[in-house]
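Notes for the one structure printed next.
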Number of protein chains: 4
Amino acid sequence: MDGTKQRRRGDTRQRIQDVALELFAEQGYEKTSLREIAERLGVTKAALYYHFKTKEEILVSIFEDLTRPVEELVEWARQQPRTLETKHEILRRYSEALSAAAPLFRFMQENQATIRELSIGDMFKNRLMGLRDILLDPEAELVDQVRSVSALFTLHAGMHVLQDVEGDPGDKRKAVLEVATDLITQAHRGAQGS
Amino acid sequence: MDGTKQRRRGDTRQRIQDVALELFAEQGYEKTSLREIAERLGVTKAALYYHFKTKEEILVSIFEDLTRPVEELVEWARQQPRTLETKHEILRRYSEALSAAAPLFRFMQENQATIRELSIGDMFKNRLMGLRDILLDPEAELVDQVRSVSALFTLHAGMHVLQDVEGDPGDKRKAVLEVATDLITQAHRGAQGS
Amino acid sequence: MDGTKQRRRGDTRQRIQDVALELFAEQGYEKTSLREIAERLGVTKAALYYHFKTKEEILVSIFEDLTRPVEELVEWARQQPRTLETKHEILRRYSEALSAAAPLFRFMQENQATIRELSIGDMFKNRLMGLRDILLDPEAELVDQVRSVSALFTLHAGMHVLQDVEGDPGDKRKAVLEVATDLITQAHRGAQGS
Amino acid sequence: MDGTKQRRRGDTRQRIQDVALELFAEQGYEKTSLREIAERLGVTKAALYYHFKTKEEILVSIFEDLTRPVEELVEWARQQPRTLETKHEILRRYSEALSAAAPLFRFMQENQATIRELSIGDMFKNRLMGLRDILLDPEAELVDQVRSVSALFTLHAGMHVLQDVEGDPGDKRKAVLEVATDLITQAHRGAQGS
DNA sequence: AATGAATGAGAATTCATTCAT
DNA sequence: CATGAATGAATTCTCATTCAT
């Protein structure tokens with residue numbers, strides 16, 4: 001009595017986003033056609049255009065919905081003092097945000113070339129650079145700057161690459177966060193000490 | 001004595017690879033059309049097909065030519081004892097290989113989704129996993145495993161992301177390598193100590 | 001009351017089939033390009049793809065629509081007793097079916113090589129073999145088997161080859177049918193007598 | 001000592017024709033590309049152009065070489081009295097000519113649409129019509145005209161269609177010829193009697 | 001007697017997008 | 001809220017043919 005019919009009605013927009021993200025993540029943005037999305041949803045291509053003005057807009061809308069937490073994190077971070085505690089907190093929260101929207105971030109990671117040409121390219125880059133600039137002390141030694149960046153990267157790539165390593169996902173995330181925290185700590189100490 | 005005129009005649013194949021890589025890296029594989037490559041070379045599309053059977057084959061040939069050093073590295077590495085020195089040496093050589101074929105690796109990094117569907121996807125993955133499996137001790141704590149993987153990643157991503165950070169490229173590479181070495185060292189010690 | 005204006009809107013699919021068959025019959029399947037079909041219809045190539053998934057599908061759809069009578073004939077024939085009357089009736093009906101879809105059969109006759117590689121090749125062959133196996137007694141003398149086959153062939157080829165012979169088409173068809181009937185009768189008598 | 005090397009030297013032209021006919025018969029004229037022919041011969045496409053001016057010329061040359069007997073038959077036939085004996089002799093000889101160059105005739109049969117546009121289309125048609133006009137009495141009843149044509153057709157199609165019928169090829173050919181002879185005899189008698 | 005390198009024309013197919021209904 | 005029908009532009013790829021060497 002609720003299987004397949006009830007869950008329509010007004011949520012088409014949402015369903016488009018879901019299916020689109022799924023396909024984008026699976027095959028890439030360019031290789032995913034609107035026909036495919038429409039077919040999988042059981043609607044016509046034209047229906048997609050009722051909800052979104054362009055293919056790109058579908059992606060943008062997904063991006064905006066799913067990265068709001070990151071946006072807020074960046075905003076929050078900007079106003080914090082650049083203490084080690086702040087940095088730890090940033091990593092902790094970022095790690096959470098990443099895993100909450102894992103498919104999207106996996107997609108972004110794997111489609112950088114495509115994204116660069118799209119409007120979300122800049123948005124994403126800005127957010128990332130925002131974080132980087134807060135974590136990183138431009139006065140610090142190069143090695144320590146690399147450590148900061150590496151911390152961010154470890155977070156980013158960690159989950160995708162560790163997928164075929166044994167172990168519970170929660171544990172892995174914890175381990176990844178620990179390494180990132182370690183790196184940022186070293187970087188911070190280095191910067192202070194110099 | 002060989003500046004601009006001699007080269008032509010017989011080097012078309014090479015020139016196609018060069019231009020293709022340039023465009024692939026710039027715009028992504030899918031967004032680069034054979035028309036574009038041909039135009040930039042001043043030949044017809046059909047000429048490309050004289051030298052390569054498909055678009056994919058162009059990419060494959062570039063990949064094969066440029067990643068031979070990595071292939072050799074992996075082979076060499078497999079036969080070494082898993083000492084810390086070996087690991088350092090691997091990172092050192094890998095860093096070199098990466099920067100020797102930087103545009104290709106940048107391309108691979110930014111087009112993962114595309115590459116996954118292509119035949120080089122597996123080749124590349126295998127090579128990477130080969131390295132990973134040599135650097136990483138499956139008995140070690142998860143954190144240390146993450147450190148090993150992170151070392152590899154730092155190398156990989158380091159250069160691309162640090163592009164807009166101040167500093168001489170050589171220095172940056174050295175810094176990146178240092179951080180990677182650090183990570184692998186910690187991972188190694190952890191594994192020994194446990 | 002329906003001459004030239006009403007038809008449009010909704011009959012595009014049909015019009016594509018008509019024009020396609022006309023051109024296929026005139027120039028052969030391979031030499032007829034989708035551009036040509038589209039142009040003659042005053043639509044774009046893409047419009048054809050809205051109605052049919054591939055070029056081959058256009059042909060298949062024509063074939064299926066136009067050979068349904070033959071299919072039914074075969075089915076009917078399978079359930080009849082193998083009497084001489086049955087055989088005569090088969091030839092009579094087949095002759096009718098052939099001339100009702102003459103352009104298609106002319107096309108099939110003249111494009112056997114092409115058709116063999118296409119999916120309709122088998123369908124057609126099966127239908128034909130079905131008829132043949134009903135008309136032909138495998139126990140009969142070779143000559144009589146040849147007569148049976150020849151009856152079928154006379155029907156098939158008769159019309160096309162007699163096109164430049166004088167005489168009214170109806171009369172010709174009758175003559176062709178008579179010869180075919182004659183052949184099958186001889187074959188049947190032979191088989192009985194032996 | 002003679003396997004693969006000796007049988008070169010000057011016979012390339014012949015080998016091209018052989019391979020071409022084989023492929024034409026197998027896949028049709030249009031679907032057979034010069035690349036394919038060249039590859040199977042182990043030479044380059046350009047080599048084909050040394051021996052033949054165009055693709056069509058390859059076919060024409062095969063046709064001319066292989067249908068000379070038919071040409072001669074037609075010429076001979078034209079000068080004979082239109083007796084029943086003559087007609088029998090024509091069928092006998094034609095049957096022989098057909099089976100001597102079976103692959104070519106199979107090809108012609110299966111590629112009529114293609115051939116019609118080619119220069120050999122007319123040549124072939126003329127030859128056939130030549131035979132037909134000798135066998136057929138334009139004054140005769142339509143049925144008898146059909147019988148004459150049918151005799152020719154039985155010869156033509158007989159072999160190809162009987163391929164999956166049991167029995168020795170020689171026997172089949174004899175049977176086919178017998179039926180054709182029968183048909184022409186009836187036609188002849190009818191014409192005389194009327 | 002043949003090759004290597006290339007071309008120009010054209011093929012089938014796919015895609016994002018539009019719009020009247 | 002959505003569909004049916006269509007378009008224009010592009011894409012990958014194939015083919016017969018040419019010509020300098």
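Residue numbering restarts at 1 for every chain, and letters A, B, ... go by the order of the sequence lines.
- Contact check for C:Met123 versus C:Val60: side-chain heavy atoms found under the 4.5 Å cut-off.
- Here F:dA5 presents its P atom at 11 Å from CG of C:Asp11, a figure rounded to the nearest Å.
- Between C:Thr12 and the phosphate of F:dA5, there is no side-chain N or O to OP1/OP2 separation shorter than 4.0 Å.
- Taking A:Gln17 as the reference, A:Arg13, A:Gln14, A:Phe52, A:Ser61, A:Ile62, A:Asp65 meet the side chain to side chain contact (heavy atoms under 4.5 Å, CB included) condition, with sequence neighbours excluded.
- At whole-Å resolution of the value, CG in B:Leu59 and C1' in F:dT12 are 15 Å apart.
- Separating the OH atom of C:Tyr50 from the P atom of F:dT3 is a distance of 11 Å, rounded to the nearest angstrom.
- Applying the ring-ring contact (aromatic ring centres under 6.0 Å, His included) test to residues at least two apart or on different chains, the pairs with a partner in residues 28-47 of chain B are B:Phe24-B:Tyr29.
- At whole-Å resolution of the value, CG in B:Leu48 and P in E:dT7 are 9 Å apart.
- A:Phe52 has its CZ atom 14 Å from the C1' atom of F:dC1, to the nearest Å.
- In this structure the side chain of D:Arg127 reaches within 4.5 angstrom of the side chain of D:Thr67, judged on heavy atoms.
- Note: NZ (C:Lys55) to C1' (E:dA12) measures 8 Å, nearest angstrom.
- Near DNA chain F, meaning a heavy atom under 4.0 Å from it, residues 27-39 of chain C has no residue at all.
- Near DNA chain E, meaning a heavy atom under 4.0 Å from it, residues 115-123 of chain D has no residue at all.
- Atom-to-atom, CD1 of A:Ile58 to C1' of E:dC15 comes out at 13 Å; the value is rounded to the nearest Å.
- Taking side-chain N and O atoms only, B:His51 has no distance below 4.0 Å to OP1 or OP2 of E:dG4.
- Aromatic ring orientation, B:Phe124 versus B:Phe105: tilted (interplanar angle from 30° to 60°).
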Please list each protein N or O that sits under 3.5 Å from an N or O in nucleotides 18-21 of chain F, with the distance.
none

Intra- and inter-strand pairing of DNA chain E, written as dot-bracket with Watson-Crick and G-U pairs under 3.5 Å and | for the latter, reads .||||||||||||||||||||

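- Using a cut-off of 4.0 Å between Lys/Arg side-chain N and Asp/Glu carboxylate O, B:Arg106 and B:Glu110 are scored as salt-bridged.
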